[in-house]
2 protein chains.
Amino acid sequence: MASKEEIMNQLKNEILSLQLKPGTMISETALSERFELSRTPIRDILKQLSQENYVDIYPKKGNIVSYIDLESVEQIIYLRSALEKEIMKGLAGNLSLKGVHELKHILAMQKDCISQEDESDHFLQLDDAFHEALFVLAGRGFLWNLIQQFNVHYIRYRKLHMLQQDKLTEIQKEHQLMADYIIQDERDKIDDLLHHHLRADIDSLYFQEHFSEYIKK
Amino acid sequence: MASKEEIMNQLKNEILSLQLKPGTMISETALSERFELSRTPIRDILKQLSQENYVDIYPKKGNIVSYIDLESVEQIIYLRSALEKEIMKGLAGNLSLKGVHELKHILAMQKDCISQEDESDHFLQLDDAFHEALFVLAGRGFLWNLIQQFNVHYIRYRKLHMLQQDKLTEIQKEHQLMADYIIQDERDKIDDLLHHHLRADIDSLYFQEHFSEYIKK
DNA sequence: TTAAGATTTGTTGTATACTAGTTTGTGAAA
DNA sequence: TTTCACAAACTAGTATACAACAAATCTTAA
């Protein structure tokens, strides 16, 4: 039915979108039948998915969709925080006109998105787009891609997190501020803003209480 | 002859130590015969090695030991630089007595190591040990391990780099300074020191001229 | 001699049978 | 009814045969 690449992306999507819930067993034979492909290439796919933390392999027992690991989420946030501080300071005052326009364009789309209903998935994409743009403008697209490989837990965390309350407006405004600080070269304000922006509520217990079924214990 | 894990570590070692030179072809059948194991588990190993950039897979053509990618080296250095600045600032003034002793112990071993001859490999280990200790003391061992997965290029780069001139004393002294700054809580001096420490000579052309056979074009 | 095409050889990609460990369910005995 | 044992039905791990493709080489004709 499909190529390896396509199957992998589809599985990734189903996991990230939580259609496949953490803990769900996905056996080689089942996938093999579903996608009409023999077990060998399916094994390759599962191997890679496990390497990128989408799936946990329990030898001779089975493969399950990984539970969200909050520890890993916190560590990734710290990593991004440190990196983006550096990146934003590098960009501050040095941003090309083309760059300015790109950021403003994304910000405008985010504003549009908020007025729509039930568009949190789309907003999430635009959120990523904004941060990715910062990386790329600073010549650090390489590192953005690198981080993406460890983002399974963080992405699912954010998805659930955004559902729980209407944070979208706040996030958009913070993006706006970030762009302003870069353009106006107010680099002394960057650290605090970024810290709040990325770390928002990771420490609160709300998440663990309401989504315990998805979480690694 | 050996388990998958052992085979993987052995291959990793041979690649990192440059016994297996970049560009060398390593076919599944050859490995299969060498380790007396069938192709399927060997394929698993190669897949993982390629994921960690030890090996490049060319579909239907073959697998080769990856060339050192200087771009990737530079990006990793930037990443480590940003992270370690943050980590050191976090540690400054907050280091436990046990931590102080640990760092001093490593520094002492480095000093010993320098007096020996032909011990650059050992010194490299101690260099890692020092930086890893900083990560772990800050509760960021997770991120240290994460970075390690992208370190193939960087490790080989450093290995060659250290051969070219006697940098060991300088490195050791900088480590000493780093520890002092942390203990004395002189965090304003950290940025510049770390920048120099990690970035040393990455931009020089010496490397590209002398080791072109190892380098990705 | 040269150039083009067929052949051979070497590579990974895939399918499938077989091995071995784990879990689960069933039935008999206490 | 409960508990234990054993078999059957899963699972992934491995071996191996074969297909598909790429590249180099050899052959043959111009």
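Quick note on labels: first sequence line is chain A, next is B, and so on, each numbered from 1. In what follows, every heavy atom counts, from backbone to side chain, and hydrogens, waters and symmetry copies are set aside.
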- Compute both the distance and the angle, then confirm whether R156(B) meets the cation-pi test with Y154(B): under 6.0 Å from the six-membered ring centre, within 45 degrees of the axis. no
- Query: Is any side-chain heavy atom of L83(A) less than 4.5 Å from a side-chain heavy atom of L79(B)?
  - Reply: yes
- Task: Decide yes or no on ring-ring contact (aromatic ring centres under 6.0 Å, His included) for H161(A) and H210(A), but give the supporting numbers first.
- Result: CA-CA 10 Å; H161(A) 196 265; H210(A) 285 70; over 10 Å; no
- Distance below 4.0 Å between K4(A) side-chain N/O and dG13(C) OP1 or OP2: no
- Query: Nearest of dG13(C), dT22(C), dT16(C) to any side-chain atom of R39(A)?
  - Reply: dT16(C)
- Flag if over 12 foreign heavy atoms under 6.0 Å of NZ, K47(B): yes
- Message: Do the side chains of K4(A) and D44(A) get close enough for a salt bridge, i.e. N-O under 4.0 angstrom?
- Response: yes
Scan nucleotides 8-10 of chain C against the protein and return all N/O pairs shorter than 3.5 Å with their distances rounded to 0.1 Å.
none

- Might you confirm whether atom CD of E5(B) has over 12 heavy atoms from other residues, nucleotides or ligands at distances under 6.0 Å? no
- Message: Please list, in numerical order, the residues of residues 41-55 of chain B that have a heavy atom closer than 4.0 Å to any atom of DNA chain C.
- Response: R43(B)
- Indicate the ring-plane relationship of F211(B) and F207(B), choosing parallel, tilted or perpendicular according to the 30° and 60° boundaries. tilted
- If you walk 5' to 3' along DNA chain D, what is the first nucleotide with an atom under 4.0 Å of a heavy atom in chain A, and what is the last? dT11(D) to dT14(D)
- Item | Ionic contact status for E74(B) with R140(A), cut-off 4.0 Å | yes
- Item | Partner of F130(A) by side-chain contact (heavy atoms from CB on, under 4.5 Å), out of D128(A), L134(A), L126(A) | L134(A)
- Task: Grab the CD-P distance between E28(B) and dT12(C) for me, whole Å please.
- Result: 5 Å
- Query: Do V100(A) and I182(A) have side-chain heavy atoms sitting under 4.5 Å apart?
  - Reply: no
